Amino acid sequence: MEKHFDWSSVEPKWRERWTELGVGHADVTSTKPAYVIALPPPNITGALHMGHASTFSIQDTVCRERRMRGYEVEWAPGTDHAAIATQNVIERQLAEEGLTKEELGRAAFQSRVDAWYEEYGGRILEQMRRMGYTCDWERLRFTLDEQYVHAIRLVFKTLFDEGLVYRGPRIVNWCPYCRSAISDEEIDWQVQTDTLYYLKYPVEGGQSITVATVRPETMLGDTGVAVAPGDSRYASLIGKHVTLPLTWRVVPIIADQAVRPEFGTGALKVTPGHDPTDYEIGARHSLPIVNVIALDGTMDVPSLPQFHGMPVEAARTAVADALRALGVLVKEEPYAHDVGHCDRSGTVLEPLVSEQWWVRMASLAAPGIGAVESGEITFHPARYTDVYLHWMRNIKDWCISRQIWLGHAIPVSTCGNGHRFAWIDPPTRCPDCGDTSLTDDPDVLDTWFSSGLWPFAIFGWPEQTPDLEKFYPTDLLVTGRDIIFLWVARMIMNGIKFTGRNPFTDVLITSTIQATDGSRMSKSKGNTVDPLDLADKYGADAVRAWAAAVSTSVQDMRFDEDRIASYQRFANKLWQVTSGFLVAKVGNGSIADLDVHPPKPETLRPEDRWMLAELAAAVRACDSGFAAYRFHEAVDALYDTTWHSFCDWYVEIIKFRLADAGDHESRRAAVWTAVTTLDVLLRLLHPFMPFVTEECAQQLPNAEPTLQHRSWPDQDPLWSEAATTSAHHEIAEAIELVKRIRALGHGHKVPRGARDRIRITVRDGEGRGINKHVSRLIGGLVPATVVDSHERGVDPAVVVSGRLHAEVVIADTAADASATARQIGLLEANVSRLQAQLANPAFVNGAPARVVDEARRRLAEATAQLDLLRRGRLGGSADAAG
RNA sequence: GGUCAGCUAGCUCAGUUGGUUAGAGCGCGCGGUUCACAUCCGCGAGGUCGAGGGUUCGAGUCCCCCGCUGACCACCA
């Protein structure tokens with residue numbers, strides 16, 4: 001037998017078995033109720049990272065549990081084409097070869113992309129199989145699938161025909177690196193310290209006005225100066241004109257409510273072409289738009305050759321220098337502010353005016369707000385409800401066009417007569433006039449436009465396929481909080497708009513795993529942790545159980561490798577107690593043929609009932625954990641019950657019974673209880689740790705080919721009955737007593753392993769002997785011999801637990817009574833606190849009866865224990881003295 | 001500027017209607033190995049629950065205020 005659980009040999013076996021048995025595949029004709037999760041599609045060329053490990057592990061855990069509960073589970077996997085990310089990779093490759101995509105041409109570029117997908121596509125799917133995720137691989141989808149493309153075009157055409165998609169010039173977030181517009185949700189704001197420049201402009205009539213700006217280079221495109229409407233400092237200047245240095249353009253001074261009088265000088269230079277606020281001010285005051293920055297992020301000012309073609313950063317300094325030389329630059333100070341970066345390339349965004357496609361969101365958002373307000377869709381944790389609603393209620397039109405090559409082409413053409421129309425199948429002629437000289441729109445769609453259709457497009461929508469019928473709407477969506485707006489909100493809006501149904505009922509937002517220092521994990525920082533490395537090191541089960549346990553409690557969780565290691569040891573513990581103890585020792589190599597019919601209840605010993613009651617509590621904790629998406633509660637309860645209640649106490653207790661071959665009935669009850677407990681625990685743990693639980697369950701009686709074919713444990717009436725008997729309490733007290741007797745050994749030089757040197761008597765509160773079984777049980781758990789009574793003349797240490805107390809004599813010498821004294825001290829403190837509390841009428845009258853009763857009960861118990869300890873001590877001393 | 005979250009043992013974190021002596025894992029100290037497991041077992045030390053007020057018979061838990069950390073939102077000049 002292997003010394004330890006060897007996941008590296010076990011995992012491949014079970015992955016194959018699950019595939020052979022079709023565990024992940026859902027039968028669309030099944031009469032079982034469907035339970036469906038649409039996998040958030042990872043980038044096809046991506047690699048499994050911590051975020052995936054945490055969200056995917058939870059999804060698989062839920063899927064496995066639902067299968068055991070009798071649902072037809074569909075966990076639909078797929079991948080996203082990730083247009084911008086992939087295009088950037090290919091362009092970097094080309095750059096290394098000294099090429100640009102324009103030199104290569106569109107067709108050749110596309111084949112490079114295809115080759116890249118071919119080489120790296122689906123790697124992440126292999127990694128997911130490696131982790132044991134039971135997706136329905138037969139329903140694998142890709143956002144570039146023909147059917148999926150059809151769905152996208154239909155959605156676009158519908159929105160276009162309804163006037164919800166429009167094209168127009170507006171100021172957009174332009175990424176000079178990607179050479180594309182991006183949406184507001186794709187901006188990564190970063191704090192940056194720049195210089196705030198104060199520019200003093202001459203005003204007609206000999207006065208002057210000073211504006212503050214961090215971007216002096218944009219003054220080349222200024223077409224106005226704005227002040228706050230009520231600002232008395234500038235009231236007299238409103239309507240006058242300023243002559244701008246360098247361009248010598250004459251621009252008006254206007255009053256606009258967007259100006260914050262307290263900032264800088266209270267006067268704002270207005271650059272409608274390169275600032276979103278200024279764009280709006282300009283629109284309100286009909287100021288002209290002057291573009292001075294080109295799409296590549298360089299200055300576009302042919303009339304000022306000294307700046308033309310300069311990168312913006314360089315132009316900033318150059319323009320500032322020129323203004324300084326002219327005496328216009330009157331002050332400079334450091335200024336920290338947020339600067340928008342492209343979340344794909346990290347490049348500083350350049351707001352500029354350009355012609356883009358937009359979706360009108362307001363009417364789409366309204367029902368999406370209602371679905372969440374009404375509780376039809378629930379966020380977990382609940383606080384994300386407000387995050388979602390706030391964004392939805394303030395939603396802005398969505399820029400969906402991208403000026404990149406890769407992705408879904410915007411399905412719009414324009415004919416020679418200027419008719420613009422959207423299409424589903426590529427057209428040959430204009431539907432309005434029949435003209436055949438068609439020009440296709442050059443842009444592609446935002447990737448999120450396509451992923452927003454995921455939950456229904458993957459099942460064949462718009463066709464009313466059997467899959468769509470059976471599996472849509474889905475039930476649960478599990479994802480990180482970073483894509484609530486980008487993806488979750490848009491799926492809700494699209495789902496309602498195009499299917500008339502909410503796409504899911506529950507949204508689970510997982511914790512974010514941070515680096516050990518609390519910073520964000522990122523490839524560029526080099527502080528990422530690879531879940532597959534961890535799976536190599538600790539086994540997939542350990543990574544999965546850890547991921548599930550940490551992903552549903554806090555908002556952010558620092559990565560703690562030791563905690564993963566603890567789940568690896570837990571897997572080993574499970575395997576040891578199953579294979580090494582139950583099978584090897586109890587069953588002499590096999591327990592497959594064991595009689596699993598419950599024994600007569602009266603043959604169950606108190607400890608058996610205690611174990612069953614503990615098991616019942618674990619089932620309850622596990623069920624409520626699943627129901628509330630609080631998986632850490634389920635994992636913690638199962639870990640504790642398995643390791644401590646079962647392995648540390650129950651198994652240790654029954655070892656003595658198992659060794660007693662004479663008592664056949666007792667042995668049978670113990671074996672049955674142990675096997676039953678383990679079987680239930682393995683089933684409950686299976687969703688979290690599928691590999692080790694399968695490996696263990698195979699060795700138990702009545703094994704199925706996979707635990708996925710077993711049912712989820714129900715509460716057995718026998719267990720509840722066990723919990724209501726006094727057995728549970730009795731054993732709990734005995735366990736506590738054992739701990740206290742053991743504690744005597746610490747710090748008191750009690751020689752361990754010297755059973756014959758330590759003698760104990762165990763009695764109840766009235767000084768009577770206790771149940772023989774329990775007394776023997778205690779004797780088996782401590783290194784001591786149980787005797788009926790001590791010889792006269794010795795001074796026992798006394799320990800108390802509940803109604804039980806033990807007199808302990810070590811090596812026939814006077815025991816160090818400090819343990820007894822310590823207990824007395826604690827109890828005295830306890831008693832006086834309880835007495836004070838109960839003497840307070842405000843407490844007795846004000847607190848609920850159950851609380852007061854409980855306080856009285858505790859006081860009575862503590863008082864009784866105190867009496868026992870004092871009597872034991874005094875009595876012993878008196879005898880010793882005599 | 002606004003909103004949300006976090007601050008509990010050396011570390012990472014539990015602690016859902018306020019009610020035992022505030023818990024776990026890891027780490028640390030002491031002891032233990034023929035008898036499932038040293039990836040183990042037993043015992044122990046370690047906390048004024050971020051600071052300060054308040055409500056209450058009673059506060060880690062509720063309220064106010066402050067501090068620090070992080071996230072998000074915002075028209076971020």
Side-chain angles (χ1 to χ4, degrees), chain A residues 1 3-5 189 191 196 211-215 218 226 257-260 263-265 267-271 275-281 335 337-340 381 383-384 386-387 390-391 394 481-482 484-485 512 514 516 518-520 538 549-550 553-563 565-573 575-586 628 630 632-633 636 639-640 647-648 651-652 655 659 739 742-747 750-753 782-783 826 829-830 833-834 837 840-848 850-852 854-855 857-858 862:
Chain A
M1 185 172 66
K3 194 88 174 130
H4 299 116
F5 177 61
W189 293 99
V191 177
L196 186 62
V211 298
T213 180
V214 289
R215 302 203 56 190
T218 63
Q257 73 271 15
V259 180
R260 290 183 294 144
F263 186 91
T265 61
L268 169 70
K269 63 188 268 309
V270 183
T271 321
D275 182 280
T277 310
D278 296 7
Y279 180 81
E280 287 170 23
I281 294 174
Y335 175 62
H337 63 145
D338 288 335
V339 178
R383 63 174 176 272
Y384 291 110
D386 285 340
V387 175
H390 180 260
W391 185 79
N394 297 284
R481 64 172 179 271
D482 52 332
I484 292 176
F485 308 144
T512 303
Q514 301 174 326
T516 48
S519 66
R520 197 180 183 82
Y538 302 106
V550 305
S553 48
V554 285
Q555 176 167 289
D556 299 307
M557 165 73 65
R558 294 191 184 198
F559 177 68
D560 180 13
E561 188 166 337
D562 287 344
R563 195 154 164 196
S566 78
Y567 288 112
Q568 183 232 312
R569 286 192 293 274
F570 180 61
N572 183 61
K573 188 77 179 174
W575 186 76
Q576 286 292 343
V577 77
T578 306
S579 184
F581 173 73
L582 263 189
V583 174
K585 303 298 174 188
V586 177
R630 295 168 63 91
H632 58 285
E633 289 177 357
D636 288 351
Y639 182 101
D640 185 56
C647 294
D648 287 352
V651 165
E652 293 304 321
K655 275 179 181 173
K739 286 184 175 182
R742 284 172 176 169
L744 289 175
H746 176 77
V750 173
R752 299 208 145 262
V782 292
L826 282 171
N830 212 353
R833 188 177 44 255
L834 287 165
Q837 193 174 32
N840 180 357
F843 171 72
V844 178
N845 300 324
R850 60 173 180 82
V851 175
V852 178
E854 176 64 13
R857 194 196 62 74
R858 270 189 269 131

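Letters A, B, ... mirror the listed sequences (proteins, then strands); counts begin at 1. Note that the coordinates shown come from a computational prediction; the quantities given were computed from them, not determined experimentally.
- Within the 4.0 angstrom heavy-atom criterion, base atoms lie near Arg858(A).
- C63(B) and U56(B) have their P atoms separated by 16 Å, given to the nearest Å.
- Residue Asp562(A) has its side chain nearest to C26(B) when only C26(B), A77(B), C37(B) are considered.
- Backbone-only contact: Arg481(A) has heavy atoms under 4.0 Å from sugar-phosphate atoms and none from a base.
- Using a 4.0 Å heavy-atom cutoff across all strands shown, Glu854(A) reaches no nucleic acid atom at all.
- In this structure, Glu280(A) reaches neither bases nor backbone, as no heavy-atom distance under 4.0 Å exists between it and the strands shown.
- In this model, a side-chain donor or acceptor of Lys655(A) finds a partner on the base of A36(B) within 3.5 Å.
- Among the protein residues, Asp640(A) comes within range of no part of the nucleic acid, since none of its heavy atoms lies under 4.0 Å from any strand.
- Residue whose closest nucleotide on RNA chain B sits further toward the 5' end, between Asp482(A) and Arg630(A): Arg630(A).
- Nucleotide C40(B) holds its P atom 18 Å from the CZ atom of Phe581(A), rounded to whole Å.
- Ranking A36(B), A77(B), C57(B) by closeness to the Lys585(A) side chain, first place goes to A36(B).
- Here Gly846(A) lies in heavy-atom contact (under 4.0 Å) with a base.
- For the pair Phe559(A) CZ and G25(B) C1', the computed distance is 15 Å after rounding to whole Å.
- The side chain of Lys3(A) places an N or O atom within less than 4.0 Å of a non-bridging phosphate oxygen (OP1 or OP2) of A38(B).
- At a threshold of 4.0 angstrom between heavy atoms, the contacts of Ser519(A) with the nucleic acid are absent.
- Between His337(A) and A77(B) there is a side-chain N or O to OP1 or OP2 distance below 4.0 Å.
- Within 4.0 Å of Asn840(A), counting heavy atoms only, lie sugar-phosphate atoms of the nucleic acid but no base atom.
- Arg833(A) comes within 4.0 angstrom of the backbone, heavy atoms only, and of no base.
- Donor-acceptor pairing under 3.5 Å is lacking for the side chains of Asn572(A) and Arg569(A).
- The C1' atoms of G46(B) and A9(B) are separated by 6 Å, rounded to the nearest whole Å.
- Distance CZ (Arg520(A)) to P (A71(B)): 7 Å, rounded to an integer number of Å.
- The two residues Arg215(A) and Thr218(A) come nearest to each other via the heavy atoms O-OG1, 2.7 Å.
- At a threshold of 4.0 angstrom between heavy atoms, the contacts of Val851(A) include nucleobase atoms, whether or not backbone atoms are also involved.
- For Asn572(A) against A38(B), no side-chain N or O and base N or O form a donor-acceptor pair under 3.5 Å.
- Ala212(A) comes within contact range of the sugar-phosphate backbone alone, with a heavy-atom separation under 4.0 Å but no base atom that close.
- The same atom, P, is picked in A5(B) and in C62(B); the two are 11 Å apart, to the nearest Å.
- In this structure, Pro848(A) reaches the bases: a heavy-atom distance under 4.0 Å links it to at least one base atom across the strands shown.
- Checked against A14(B), G25(B), C37(B), the side chain of Lys573(A) finds its nearest nucleotide in C37(B).
- At a threshold of 4.0 angstrom between heavy atoms, the contacts of Tyr279(A) with the nucleic acid are absent.
- Across all strands shown, G1(B) forms a Watson-Crick or G-U wobble pair with C73(B), both key distances being under 3.5 Å.
- Counting non-hydrogen atoms under 4.0 angstrom, Val211(A) reaches nothing in the nucleic acid.
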